[in-house]
Student: 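Below is one structure. I have some questions about it.
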Number of protein chains: 2
Amino acid sequence: MPFRLSTRGHYAVLLMYELARAGDSFCSLADIAGVQKVSPGYLEQIVRPLRDAGLVESRRGFGGGYTLALPPSQITVGNIVRTVEGPVVPVKCAGEGDVPDECPDNCQARRVWRKVGEAIDSVLDSVTLEDLLQE
Amino acid sequence: MPFRLSTRGHYAVLLMYELARAGDSFCSLADIAGVQKVSPGYLEQIVRPLRDAGLVESRRGFGGGYTLALPPSQITVGNIVRTVEGPVVPVKCAGEGDVPDECPDNCQARRVWRKVGEAIDSVLDSVTLEDLLQE
DNA sequence: TACTAATCCTATTATTATAGTAGGATTAGT
DNA sequence: ACTAATCCTACTATAATAATAGGATTAGTA
């Protein structure tokens, strides 16, 4: 199936949604894993880039966990997905910089792939965590 | 990298573009593989669903090959991609029918994934082979 | 001070999907 | 007969995905 989002991006959004629900209080990955039925160890790998990007803050030790570093209205689904998965580029030759060798020279569809990427980003960036909370 | 199109869909569009360029004459996979530097054996697997779906016609034997079964203006990139790769469904729980077990229950983002799928289809369906020829 | 609950960090592994390859059977022009 | 093509099935190598395992560090609490 084309244009699939892996579980990494999927779970990252679930995780951030739970943090948004928790508000200012710190929330442990074990809690989130319990609610969403996902492996805590896997969530650890997913939350790291979000922390490094400054989207969440962490607190170690007893009573620790994670909380949003910004208000839910200032974090979009696009921010989350791109942070854990990288930029949305449907095919390599549609990305920035030189066209890789694997991509045939006369790829007339390159403009189409670029438009697809932009359309995806546009949808992802139009939805904030606050929007998700209000549903 | 999220929302990637595999080479199958990518090559299918290249292949159909070459058939469109060839017009009414039959074109062999070896020819196309030569132009696009892709394995002919792999193209065979890709062209089969296109033939089964009635998008191309084949002729066997000496001088045989493939040709478009419809005018280029009536074949969109979306037709091609969905035929070889299946429907555009970014995450499983955003598809038709019941939500699979793997998808957590409170996946508030499901509507977002659906909108992403629709946006992708919209772009893909807005471009025909004739559009590609005219670039 | 011990205990516990949490983040941190690295490495390993099982499963699946992708991207082919290989080999032969059939068909049809020359 | 020869050749060039589609047809068809099966196999395989590689890479990405989706985790798991095991321990080190940190910070509250009894």
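Keep in mind that this is a model prediction, so the values were computed, not measured. In the text below, chain A, chain B and the rest are named by the order of the sequence lines, each starting its count at 1.
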Student: Shoot me the first and last contacting nucleotide of DNA chain C against chain A, ordered 5' to 3', at under 4.0 angstrom to non-hydrogen atoms.
Tutor: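 Range of nucleotides touched by chain A: C:dT4 to C:dA11.
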Student: Taking the nucleotide of DNA chain D with the nearest heavy atom to each, does A:Gly61 or B:Arg48 sit closer to the 5' end?
Tutor: B:Arg48
Student: How would you label the contact of A:Arg59 with the nucleic acid (heavy atoms, under 4.0 Å): base, sugar-phosphate, or nothing?
Tutor: sugar-phosphate
Student: Which heavy atom in A:Leu50 sits nearest to a heavy atom in A:Ala12, and how many Å separate them?
Tutor: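 Scanning both residues completely, I find the closest heavy atoms to be CD1-CB, 4.4 Å.
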Student: With sugar-phosphate meaning primed atoms plus P, OP1 and OP2, does A:Tyr66 contact a base, only sugar-phosphate, or nothing at under 4.0 Å between heavy atoms?
Tutor: sugar-phosphate
Student: Give a yes or no on whether a salt bridge exists between B:Asp125 and B:Arg82, defined as a side-chain N under 4.0 angstrom from a carboxylate O.
Tutor: yes
Student: Tell me, with the steps shown, if A:Leu15 and A:Tyr66 meet side chain to side chain contact (heavy atoms under 4.5 Å, CB included).
Tutor: CA-CA 10 Å; A:Leu15 187 154; A:Tyr66 298 88; 5.9 Å; no
Student: Watson-Crick or G-U wobble partner for D:dT25, using a 3.5 Å limit on both distances?
Tutor: C:dA6
Student: Assuming nearest nucleotide by heavy-atom distance, tell me which of A:Phe62 and A:Asp52 is located more 5' along DNA chain C.
Tutor: A:Phe62
Student: Out of the candidates B:Ile120, B:Val81, B:Val127, only one should pair with A:Val116 under the side-chain contact (heavy atoms from CB on, under 4.5 Å) rule; please name it.
Tutor: B:Ile120
Student: Below 4.0 angstrom, N of the basic side chain to O of the carboxylate: do B:Lys115 and B:Glu118 qualify?
Tutor: no
Student: Counting C-beta onward and ignoring hydrogens, is there a side-chain heavy-atom pair between A:Ile80 and A:Leu129 closer than 4.5 Å?
Tutor: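 Yes, close enough: below the 4.5 Å cut-off.
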Student: In the strands shown, is C:dT13 matched to any nucleotide by a Watson-Crick or G-U wobble pair with both distances under 3.5 Å, and which?
Tutor: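 Looking at the geometry, C:dT13 pairs with D:dA18.
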Student: Contact between B:Val112 and A:Val13 at the side-chain level, heavy atoms closer than 4.5 Å - yes or no?
Tutor: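 Not in contact.
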Student: If the sugar-phosphate is the primed atoms plus P, OP1 and OP2 and the base is the rest, what is the B/S/- string for nucleotides 11-20 of chain D, using protein heavy atoms under 4.0 Å?
Tutor: -------SBB
Student: Could you check whether A:Arg51 pairs with A:Glu57 (Lys NZ or Arg NE/NH1/NH2 to Asp/Glu carboxylate O, under 4.0 Å)?
Tutor: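 No.
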Student: Describe the nucleic acid contact of B:Gly65 in one word from base, sugar-phosphate, nothing, applying a heavy-atom distance below 4.0 Å.
Tutor: sugar-phosphate
Student: How would you list all residue pairs meeting ring pair (Phe, Tyr, Trp, His ring centres under 6.0 Å) that involve residues 18-43 of chain A, not counting sequence neighbours?
Tutor: A:Tyr11-A:Tyr42
Student: Give none if D:dA30 has no partner; otherwise give the nucleotide forming a Watson-Crick or G-U wobble pair with it, both distances under 3.5 Å.
Tutor: C:dT1
